[in-house]
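Starting from 1, each residue takes its place in the sequence as its number.
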Amino acid sequence: MAILLENWTIEETTGYKPLTTFYTDFSIAEKFGVDGIKSTYQVAFSSWKNNYKYLTELAMVLNWKCWRWHEVNNEFSILYTELYHQLDDWIFDNLSGEELEYYISTTD
């Protein structure tokens, strides 16, 4: 199976330099459908929930992917939206101080 991966153009668009491979990880997961996306999210979240910078980037990727699939693949777009809101809620419930400020200012 050949897997063509698109580049995440966030650095060219916003100046933010990615810290992780989350965008590529989810691009690969998409080849395995909804279950692949869900599994990739669970691994990323459980592995990095103690790293606020990585969680911030995970939220950014989920949001980007939601819009990437909008009007192209409704099932993926809805799933990415749900995962983004789940993570955003978790972040606001569990981060505070500098960590929450980083999340807010980076995703603003």
Side-chain angles (χ1 to χ4, degrees):
M1 167 190 338
I3 298 178
L4 295 174
L5 301 175
E6 64 189 19
N7 288 329
W8 189 25
T9 59
I10 194 163
E11 189 170 5
E12 295 84 1
T13 306
T14 68
Y16 174 83
K17 184 171 176 65
L19 304 171
T20 72
T21 61
F22 290 151
Y23 193 86
T24 300
D25 298 343
F26 280 101
S27 295
I28 293 168
E30 290 162 1
K31 306 302 181 190
F32 300 93
V34 166
D35 289 340
I37 295 168
K38 288 178 181 179
S39 176
T40 299
Y41 173 78
Q42 288 303 321
V43 169
F45 177 75
S46 64
S47 296
W48 298 110
K49 67 182 176 186
N50 294 319
N51 185 319
Y52 68 96
K53 288 184 179 182
Y54 283 17
L55 283 183
T56 298
E57 189 162 304
L58 180 58
M60 293 166 66
V61 167
L62 295 173
N63 184 273
W64 195 283
K65 287 289 194 174
C66 167
W67 288 106
R68 156 64 180 100
W69 289 109
H70 181 68
E71 295 184 359
V72 175
N73 184 322
N74 223 24
E75 187 175 28
F76 283 7
S77 182
I78 290 168
L79 176 57
Y80 279 119
T81 301
E82 290 170 355
L83 293 173
Y84 167 78
H85 286 292
Q86 178 182 327
L87 179 60
D88 187 65
D89 289 345
W90 187 93
I91 286 170
F92 275 94
D93 288 343
N94 292 279
L95 297 184
S96 61
E98 249 180 67
E99 294 176 351
L100 185 57
E101 180 58 35
Y102 177 87
Y103 175 75
I104 292 168
S105 65
T106 303
T107 58
D108 187 19

Using the side chain to side chain donor-acceptor pair (under 3.5 Å) criterion, which residues pair with [X]? Sequence neighbours excluded.
| X | answer |
| --- | --- |
| Y41 | none |
| Y103 | D88 |
| T21 | D25 |
| T20 | E57 |

*With rounding to the nearest 0.5 Å, note down the distance linking CD1 in I91 to CG in L58.*
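These two atoms lie 7.5 Å from each other.
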*asked:* To the closest 0.5 Å, what do you measure between OH (Y23) and CG (L62)?
replied: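 Reported to 0.5 Å precision, the distance equals 11.5 Å.
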Results of side-chain contact (heavy atoms from CB on, under 4.5 Å) for [X] - residues two or more places apart only:
| X | value |
| --- | --- |
| W90 | F45, K49, L55, N94 |
| Y52 | L95, E99, Y102 |
| T13 | T9, W64 |
| T14 | I10, Y16 |

*Could you name each residue pair satisfying side chain to side chain donor-acceptor pair (under 3.5 Å) that touches residues 72-82, not counting sequence neighbours?*
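For residues 72-82, and leaving out neighbouring residues, the side chain to side chain donor-acceptor pair (under 3.5 Å) pairs sorted by first residue read E30-Y80.
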*How about N7: does its CG atom have over 12 heavy atoms from other parts shown lying under 6.0 Å from it?*
no
*Any residue meeting ring pair (Phe, Tyr, Trp, His ring centres under 6.0 Å) with Y54, in chain and number order, not counting sequence neighbours*: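 Ring pair (Phe, Tyr, Trp, His ring centres under 6.0 Å) list for Y54, sorted by chain: W48.
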*Listed by chain and number, what are the ring pair (Phe, Tyr, Trp, His ring centres under 6.0 Å) partners of H70, not counting sequence neighbours?*
W67
_Partners passing salt bridge (Lys or Arg N to Asp or Glu O under 4.0 Å) against E6 (at least two apart in sequence or in another chain)_ = R68
